[in-house]
Amino acid sequence: MQYNNLTGTIPPDFGNLEHLTKMYLFNNQLSGSIPSEIGNLKSLVKLGIHKNNLSGSIPTSLGDLTNLTLLYLFENKLSGVIPKEIGNLKSLVDLELSENHLNGSIPTSLGDLSNLEQLYLRDNQLSGSIPQEMENLMKLTVLQLDTNNFSGYLPQNLCGGGYLENFTAHNNHLIGSIPKSLKTCKSLVRVHLEGNQLTGNISEDFGAYPNLRFIDLSHNNLHGEISHLWGQCPQLATLRIAGNNLTGSIPPEISHATQIHELDLSSNCLVGVIPKDFGRLTSLVNLKLSGNQLWGPIPSEFGSLNDTEYLDLSTNKFNESIPGSLGDLLKLNYLNLSNNKFSQEIPFQLGKLVHLSRLDLSHNSLEGKIPSEMSSMQSLEQLNLSRNNLRGLIPTTFDKMRGLSDIDISYNQLQGPIPNNEAFQNARMEGNNGLCGNVAGLKPCNHSVEHKRTSKKVFLIIFPILGALLLAFLSFSLIDRRRRSRKKKSQEIEQSDMHESFFSICNFDGRKMYGEILKATNGFDAVHCIGKGGQGSVYKAKLPSDSIVAVKKFHQTLDGEEASRKEFFNEIRALTEIRHRNIVKFLGFCSSSHHSFLVYEYLEKGNLAAILSNEHEAKQLDWSTRVRIVKGVAHALCYMHHDCSPPIVHRDIKSSNILLNCDHEPCVSDFGTAKLLNPDSSNWTALAGTFGYVAPELAYTMKVTEKCDVYSFGVLALEVIMGKQLGDIVSSFSFPSTTYANILLKDVLDQRLPPPTPQLQDELITIARLSIACRHSHPQSRPTMHKVSQVLSFPTASSDRGSDYITLEQLITI
């Protein structure tokens, strides 16, 4: 009876079903307590009553279900202690009690569950020490104890069986050393121990791990030097050891772990230089080394870190100049080099960082002028250049940096007028005696009285001469006017286009690219059109540089001109705010009286809807590729909803708006209907989206939330694994809907592909379950895209979280 809208309590009469082997009531809205009569179900093997609103304590009678292998009570409102009688369930393999309000300590009897493989106790109010008896769980693969109030020491032999893969104990009050067994625990994949008071020598507590992908040891009291063995973890993607007492230098051997995406060694006592070998970490996205005692220059090899988005080297002792090679990190959106000893000028190459949203170069010894090239940073929101020795005028091109919201240029030696930019009206500018402007704290930019008198004398002398020259010029103009009239008229359209706004957010010459696009498409000839939609047409343009771009040219109709331009600028506004590998890359736009178009990177494979509808091309999308497509779209939406400020809702997620590159990597496109959620607004709007993908609540309310995209994602995910839209699947079965319960998921998977492997089948089941949850009729019951992305990124070891199969009836029920 899972995945319904059942309310009320669990009937005690269920205790009479003495031959029942499985009871699944999860994902409903059941309330009240768990009836003790369930303890009468001696044949029960699997009990899943998670994701409800159940309250009260866990009945001790559950300890009588000695055949139970799976017990899921997570995501309820259960309180009280964990009954010691649970230790009687000797057959139990999977016990999940997380996300409740349980208190008290872990009963030592849990150490008797010798067959237990997965134990989830996270997100409760459990306290006390973790019993030593937990070392007896030799088959344990997952142990999650995080986000409780545990104190005392961790048992030293938690990985005694050598199977532990996922171990989380973060956000507790644990003390003492890291368990010794972890050093030789080769099975480890994910480890969370941050936010405790653990002690010990980190160089002695960890070894080399062939499968480790994630480890976070931040904010403890660990000491010692960073081990070179981290470089012998070939799968390692995240290494966080921030906020400890680490000493010594950064070992260059870390660069051997070339899969690292995030490296956080901040807030320690590290010394020495950054190894040049760091240039090998080409997968690095986040690098945080702030709050140490590192010195020397930034290695020029940093220019090869092409995927880096976040770089924080602040509060160290770096010196010499800031290398211009940092301008090659084109994906950077955060750069903090403050509180160091950098000298010389700000490199003009930083102007190439068009995606940068925050730049902090404060508290250094930088000198010279502020480079005018920095005005190309059209994504920049926060700029801090304070406490340096900068001189000269602030570039007038800063007038056009409309994205700036927070500026600090205080305590330099700048002079002249401040830019005519709203952000400079509230900027911190004290300590610059030469600045002027109509802002509180600055002197006005008026000339002195003496200067006015001198100017008046000069004016009286020069004016008659200028007047005579002007008359001569006008006479010549009148004679020549007719001759030039025709030529001017013939070039009028071209000149108006060229002089009206073309703004490029990439490293392109805007006007040059405008002309190249018109030439490449032969003035937007239909032969170059590769797609049409309600807003406009898309053209393929091959530029002289041999690069290929996609150009979305908006329709210009008299009746809908205002709405069309609103969609045009809405798409620009959304796309300049976001940067993600699974969102189509925005290159620039043109807005003129004759053309309004957007320029994107060209994605070779086209849109997902067209591929799925083509018999041959659909077969090229094997099951692993389809899983990757679903994950990519989920990650993009997670980024838009949770990492953008304000959050961005796409409002038209569908297969035709998912583009694929040559490696079938997905990119979300078409942001014409996207909405930036204003936290100070009700976010009511007109209906947008495509029939079949639109959330049902939009039929009676126009309030936009992230849950609208969640619903559309659920529809899209099903379409990807079924190979066709949900309505087409249903219509292909001629029998009544009551028999849909007999049609299994495997029967409706895309039959053009061979059956998936067991591992891929698990992932497809996970996607199907998520799709069902995403399409819940109540928006508040749908998961967030952060949760969806998290589940897809780190699926559980077993797909059986409450059901052996999924039916078509479950898939189509909304």
Applying ring-ring contact (aromatic ring centres under 6.0 Å, His included), name anything that partners [X], two or more places apart in sequence or on another chain.
| X | answer |
| --- | --- |
| H101 | none |
| H173 | none |
| H192 | H170, F214 |

Under 3.5 Å, is there a donor-acceptor pair between the [X] and [Y] side chains?
| X | Y | result |
| --- | --- | --- |
| Y120 | Q118 | yes |
| T7 | Q29 | no |
| K139 | N115 | yes |
| T168 | D146 | yes |
| Q2 | N28 | no |

Can you tell whether the side chains of K605 and D663 come within less than 4.0 Å, N to carboxylate O?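 The answer is no: the pair does not qualify as a salt bridge.
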Please name all residues satisfying salt bridge (charged side-chain N to carboxylate O under 4.0 Å, His left out) with E99, sequence neighbours left out, ordered by chain then number.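 Here the qualifying residues are R122.
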Identify, with sequence neighbours excluded, every residue that meets side-chain hydrogen bond (donor to acceptor under 3.5 Å, both in side chains) alongside D622.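 So D622 forms a side-chain hydrogen bond (donor to acceptor under 3.5 Å, both in side chains) with S624, T625.
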Partner residues of T147 under the side-chain hydrogen bond (donor to acceptor under 3.5 Å, both in side chains) criterion, sequence neighbours left out: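 Partners of T147 under the side-chain hydrogen bond (donor to acceptor under 3.5 Å, both in side chains) test: none.
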Parallel under 30°, tilted from 30 to 60°, perpendicular over 60°: which one fits the rings of H776 and H778?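 Correct class here is tilted.
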Please say which of D670, I611, L716 ends up in a side chain to side chain contact (heavy atoms under 4.5 Å, CB included) with I658.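 That would be L716; it is the only one of D670, I611, L716 passing the side chain to side chain contact (heavy atoms under 4.5 Å, CB included) with I658.
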Side-chain (D216) to main-chain (S218) donor-acceptor, under 3.5 angstrom: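 Confirmed, D216 side chain pairs with S218 backbone.
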